[in-house]
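Encoded as structure tokens, the structure appears first; notes follow it.
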Amino acid sequence: MFRAESARATAGAPPRTPPRWHRDRDDPSGVVAPGALAAVAAFVAMWPFTSVIEAGEWSLTVVLVVVTTVGSGMLMRWLLRRQRPWLRDLATFAVQIVVAVAVVTQLIAGDTAFLGLFPTSATVSVFAALGASAGEQIVFGTAPLDSSPGLAALMGAGFAVVAILLDHLVAHRSAVIAALLTGSIGAIPMIVTLGDVNVVWFAMFGVLVLVLFRFTARRHPLSPRRSATSIAVAVGAAALAATVAIAPALPVAANLAGTGVGVTVDASLRLGDDLRQPNPVEVLTVAAKGDIAPYLRLTTLSRFDGRVWQPDRGDLQSQRDGFGEPEWGADIATEEQTTSIRILRMSSSWLPVPYPATDVQGVGGTWRVAVDNRTLVSRSADAAGNDYTVSSSRVIPTLEQIRALDAAEPVADPDEEPVELPGIIASLAAEVTADSGTDYDRLVALQTWFRSEFQYSLETPVEEGFDGTGAEAVAQFLDERSGYCVHFAGAFALMAESLGMQTRIVVGYLPGSLTDEKRGEESVFSVSSDQLHSWPEVLFPGVGWIPFEPTASLGVPTAFRAGTVDGSGTGGSATPAPTAAPQTEETQGPEIDRGDAGADPGATGELRSLDPMPVVLTVAGVLILLLLPALIRRTERGLRLRRARRGDPAAVWAELRDTLLDLQLPMSDADTPRMRAAELVRQNDVDAAAMKELTDAVERANYARSDAEPVDLAAPLSTVLTRLRRSVDRPMQVRAVLLPRSLFATRNPGTAATA
């Protein structure tokens, strides 16, 4: 606009037209840059999956698929660079699909394909089987999943689609959609597992988004030829730093989640992280008669490979076919009970039910019955939001009946290698039960030994490095004698199995806390996330699976009463104690010192304590984000005033122009300094003397010799800026400070600031 605002022409040089501040044309994106950005975005989206799937065949498959897909796109765009855009895009898309299919086919099922690349009917059948296997592994497996051909096929096909979409989005400069796609895919593992936020990935994703935006924005016809890189980097770094530092400290109360999912439960025995959560939330409510609610089971785990317990995957049948024949004989006393369950904040493929369930009302047909353990499972539905009623039979054998039975012997799978257990497991089991004469008495002796000789602790396993259920972890637990329910259940099950008994582990919930709420004649119990629990069971033919409670300080140990005899001297009906399942008269959940012992873990779901630091950090972060544009604009004004103090008219006029933009006052780059000065004096009551001093300085810089002495222009500039701010109303003054339009507005020559 003025010579003072650009580099001064050298003496004697021919006059030239000042360069436009914007490009006025759509720069081509090239071939290599968008392809490379698309590949990087795909890898950023893939990285979080390495935390839930062990690296292996699938990760190599994804890398090769992304590289070949993006590479074929680069090649096609270069070969067809002189063709019409629509034809180039269509041909590139088609070739990428063919390449992706060929690569995935070759890597997964090349021996069934034509030339190893093109799928046949046999290839389709293989992929269908692998897809079903991967789905079962995801639904029933535990993170991190083992790498398998099914997961390799699923992830390879999925990221082939993601890579193609990202390649075309970046090539067409759709940075926002590309960023949303990358973030959505990358966030899936953290959302599904409710794991901790991956701060490193989040920072990488933030950097990628900034690079995508810069790449696409620089090629826009209205993008500036020269941009303030330092300001852009500062804003991006500040946003990333503020988010990474403040977001993890935000205090989120349970009631903020409403009835949404707050806890994800799978069939793994890695419950330590869930139990160690500092602020438990209410996950479900139970309505039942009496003062004690039943234990609720999600599923059982019977298969042990020496490292982990695997969930049972028996036959599934429709709810109409019932829960199967009873495992107990006609001579065993039972008591019918009804339990209503409402899921609030728990996500799972299993529905919690009391044992042994006999009927269920209120759930959809997608929930099927696992007959082997009388539970409800679904491959497509989620437990969250369900409200249903379960009928169950409480099995109550007498002490004489249970002692008269031998526990079932372990079932050996001929297709699996036998597991070698550390010697301490069998030797301790034999030592503890040496004085017991029946299988039931041996199990009671084990139960008593665990509850009296061990301590319940959520931290010791982490400190000692055995936060798991493998054979070595159990051996270390037996030596340390400190752990939580997973260790007690795993050790009890392996020791009972070493004594020749068939065992399994149950994953479920303790009964919960009695509330003041009533649902008809039923009492309502609140179950919180820290009441997630596991316990062992042993099979007694003729009675069924008998649960035991070896975990120290939780519940009351399983025990049965002796049968009574009537007054005639003949054997009468048995009246055993209602102890067919672990009870909760002693405690209703893990006793963990969280510094909030006085809080009520009831149905309110509120934060149990108020740490002022997260609140302070939250307020500070919000203030920083809100005031960031104002701080940048104030810094820019201060630098210009410093230059104006040294007599720089370019800084003076740039600050005057940006102030007019901030205040949304009319301005055109086509105006001469004198025309603009006259308008400001007339319409905005600007001090005429100060304005004339600034105008003269600009005109001298444009038309006079350059050897004049510099004049301090900071004072008149401050006077003019003060008058301009006073010429608008107070709301506009506030908006100009907090949201300065000069940092964001796009200006074309000849347009007004208010356009």
Side-chain angles (χ1 to χ4, degrees), residues 1-2 4-5 21 224 228 230-232 234-235 238 622-702 710-755:
M1 182 175 68
F2 303 112
E5 294 185 80
W21 74 274
S230 58
I231 293 180
V235 172
V622 171
L623 290 177
I624 290 174
L625 292 177
L626 291 177
L627 297 179
L628 189 59
L631 294 175
I632 295 174
R633 182 69 179 89
R634 185 176 182 85
T635 302
E636 185 180 53
R637 182 182 295 113
L639 294 175
R640 287 173 176 171
L641 285 173
R642 185 179 303 175
R643 290 164 55 192
R645 194 169 290 110
R646 297 196 298 265
D648 186 352
V652 169
W653 204 256
E655 179 58 32
L656 180 62
R657 180 187 57 195
D658 285 354
T659 301
L660 293 175
L661 276 171
D662 295 341
L663 298 173
Q664 299 186 23
L665 295 174
M667 187 208 74
S668 173
D669 287 348
D671 290 345
T672 64
R674 190 164 296 188
M675 291 172 56
R676 176 50 41 207
E679 289 293 328
L680 294 178
V681 171
R682 183 173 61 256
Q683 296 182 1
N684 300 94
D685 195 27
V686 172
D687 184 90
M691 193 70 239
K692 183 177 185 304
E693 190 173 351
L694 299 180
T695 304
D696 291 345
V698 172
E699 290 179 342
R700 281 196 303 271
N702 279 318
V711 179
D712 183 0
L713 301 176
L717 176 61
S718 299
T719 301
V720 170
L721 296 181
T722 301
R723 288 291 185 92
L724 286 176
R725 285 191 286 269
R726 290 178 181 175
S727 67
V728 298
D729 56 19
R730 184 58 61 85
M732 179 58 69
Q733 294 179 24
V734 175
R735 285 198 296 270
V737 172
L738 297 179
L739 293 173
R741 296 179 75 245
S742 58
L743 294 181
F744 315 104
T746 300
R747 299 185 297 275
N748 292 324
T751 59
T754 56

For [X], all residues meeting side chain to side chain donor-acceptor pair (under 3.5 Å), sequence neighbours excluded:
X      : answer
Thr659 : Glu655
Gln733 : none
Thr635 : none
Arg674 : Glu699

**OP:** Measure the shortest side-chain to side-chain distance between Pro740 and Asp658 over non-hydrogen atoms and say whether it is less than 4.5 angstrom.
**Re:**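 Counting from C-beta outward, Pro740 and Asp658 never come under 4.5 Å.
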Subject >> Ser742 side chain near Arg633 side chain, heavy-atom distance below 4.5 Å >> reply: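 SC-SC contact between Ser742 and Arg633 confirmed.
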**OP:** For side chain to side chain contact (heavy atoms under 4.5 Å, CB included), just list the numbers for Gln683 and Leu665, CA-CA rounded to whole Å, side-chain angles, deciding distance to a tenth of an Å, and then say yes or no.
**Re:** CA-CA 10 Å; Gln683 296 182 1; Leu665 295 174; over 6 Å; no
Original post:
Of the non-hydrogen atoms in Met691 and Ala677, which two are nearest, and what is the gap between them?
Top reply: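 Where Met691 meets Ala677 most closely, the heavy atoms are CG-CB, 3.5 Å.
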Subject >> Contact summary for Asn684 and Ser727, nearest pair of heavy atoms >> reply: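 Closest pair (atom of Asn684, atom of Ser727, distance): ND2-OG, 3.3 Å.
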**OP:** Could you tell me which residues satisfy side chain to side chain contact (heavy atoms under 4.5 Å, CB included) with Arg634, sequence neighbours excluded, listed by chain and number?
**Re:**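 Residues passing side chain to side chain contact (heavy atoms under 4.5 Å, CB included) with Arg634: none at all.
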**OP:** Could you list all the salt bridge (Lys or Arg N to Asp or Glu O under 4.0 Å) pairs where at least one residue sits in residues 680-696, not counting sequence neighbours?
**Re:**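 Non-adjacent pairs meeting salt bridge (Lys or Arg N to Asp or Glu O under 4.0 Å): Glu679-Arg682, Lys692-Asp696.
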Original post:
How would you list all residue pairs meeting salt bridge (Lys or Arg N to Asp or Glu O under 4.0 Å) that involve residues 719-730, not counting sequence neighbours?
Top reply: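 Salt bridge (Lys or Arg N to Asp or Glu O under 4.0 Å) check on residues 719-730 returns no pairs.
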Subject >> Separation between CG of Leu656 and CZ of Arg676, rounded to the nearest 0.5 Å >> reply: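 Atom-to-atom, Leu656:CG and Arg676:CZ are 8.5 Å apart.
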**OP:** Test side chain to side chain contact (heavy atoms under 4.5 Å, CB included) on Leu717 and Arg640 and set out the steps.
**Re:** CA-CA 10 Å; Leu717 176 61; Arg640 287 173 176 171; 5.8 Å; no
